[in-house]
Amino acid sequence: QLQLRESGPGLVKPSETLSLTCTVSGGSISSSGYYWGWIRQPPGEGLEWIGSIYYSGTTYYNPSLKSRVTISVDTSKNQFSLKLSSVTAADTALYYCARQVGAGKYYFDYWGQGTLVTVSS
Amino acid sequence: QSALTQPASVSGSPGQSITISCTGTSSDVGSYNLVSWYQQHPGKAPKVMIYEVSERPSGVSNRFSGSKSGNTASLTISGLQAEDEADYYCCSHAGRSTVTFGGGTKLTVL
């Protein structure tokens, strides 16, 4: 059974860079036909797609966040990572990593449990 | 890229049917048959219930169905059960391999 687990600091200071890692187990991040994505959910609010990456390194980002986001992949560790720069309180959210079905389908079929990141001094 | 529009809340009694709408534009919902729906219970990760407008993943009850007309997609839940009470989100491909979510709808089973 595929499992995803987010990890990283739960508290980040304003203007600094948020860094999270998603570790995939029970399957290979190099499987063809799947992307690996980050989605966030501010407390009490809805879901927002941040971006996705293919194991080859091809990335797609939400245009509204693109200038601050970098997603990378480490196939040797079966992990992918998120960096969000110049954070503010508005970036406080539960951050999920998820597998995104490719081949033109674009839906998320496996999700991590999420990790809460608070932006505060 | 703007969020898709969903009603903030819907409600229904056990056994009834409800429909949740998801309105986008000709750049997302209207252009692609790539709408998915997610169920999220409090404190839990979202779970995909429908993909490609009307396809159900293995294990999802056939009480859940999806459709689309123009720029609006819909999720219908028939034979409403207490366990269906949750938040529901639609999501659509929005071009150039990007996706956008709806604002979410809280379903209350009366």
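So you know, we letter chains A, B, ... as the sequences are listed, proteins then strands, and number each from 1. These figures come from a predicted structure and were not determined experimentally.
- Under the 4.5 Å side-chain heavy-atom criterion for ILVMFWY residues, a single connected hydrophobic cluster contains both A:I39 and A:L116.
- Closest approach of B:Y89 and A:E45 over heavy atoms only: OH-O, 3.4 Å.
- For the pair A:W111 and B:Y38, the minimum side-chain heavy-atom distance is below 4.5 Å.
- Between B:W37 and A:Y107, a ring centre-to-centre spacing not shorter than 6.0 Å is recorded.
- Proximity to chain A (any heavy atom under 4.5 Å) is shown, for B:P57, by neither the backbone nor the side chain.
- A continuous path of Ile, Leu, Val, Met, Phe, Trp and Tyr side chains, each step under 4.5 Å between heavy atoms, connects B:V53 with B:Y88, placing both in one hydrophobic cluster.
- Side-chain contact between B:T100 and A:E48 is absent, with no heavy-atom pair separated by less than 4.5 Å.
- In this structure, A:W49 and B:S97 approach most closely via the heavy-atom pair CH2-O, 4.0 Å.
- Both B:L4 and B:L107 are assigned to one and the same hydrophobic cluster, defined by single-linkage of ILVMFWY side chains at heavy-atom distances under 4.5 Å.
- Of all the heavy atoms in A:Q100 and B:V99, the pair that sits closest is NE2-CG1, 3.8 Å.
- In this structure, CG in B:D87 is found 7.5 Å from CD in A:Q41, a value given to the nearest 0.5 Å.
- When side chains are defined from C-beta on, A:Y110 does not count as touching B:V48, because their heavy atoms never get closer than 4.5 Å.
- Cluster membership check: B:L34 does not share its hydrophobic cluster with B:M49, using side-chain heavy-atom separations under 4.5 Å among Ile, Leu, Val, Met, Phe, Trp and Tyr.
- In this structure, B:V60 is not a member of the same hydrophobic cluster as B:Y51, with clusters built from ILVMFWY side-chain heavy atoms closer than 4.5 Å.
- Atom CZ of B:R56 has more than 12 heavy atoms from other residues, nucleotides or ligands within 6.0 Å.
- Heavy atoms of B:E55 lying under 4.5 Å from chain A are absent altogether.
- Among all heavy-atom pairs drawn from B:P46 and A:L47, the shortest one is CG-CD1, 4.0 Å.
- Taking every heavy atom of both residues into account, A:Y60 and B:R96 meet most closely at CD2-O, 3.6 Å.
- With rounding to the nearest 0.5 angstrom, the CZ atom of A:F108 is 5.5 Å from the SG atom of B:C91.
- In this structure, OG in B:S36 is found 10.5 Å from CG in A:D109, a value given to the nearest 0.5 Å.
- Residues B:K44 and A:Y96 approach most closely at O-OH, 3.4 Å, considering heavy atoms.
- Interface remark: A:Y61 contributes backbone atoms only to the contact with chain B (heavy atom separation under 4.5 Å).
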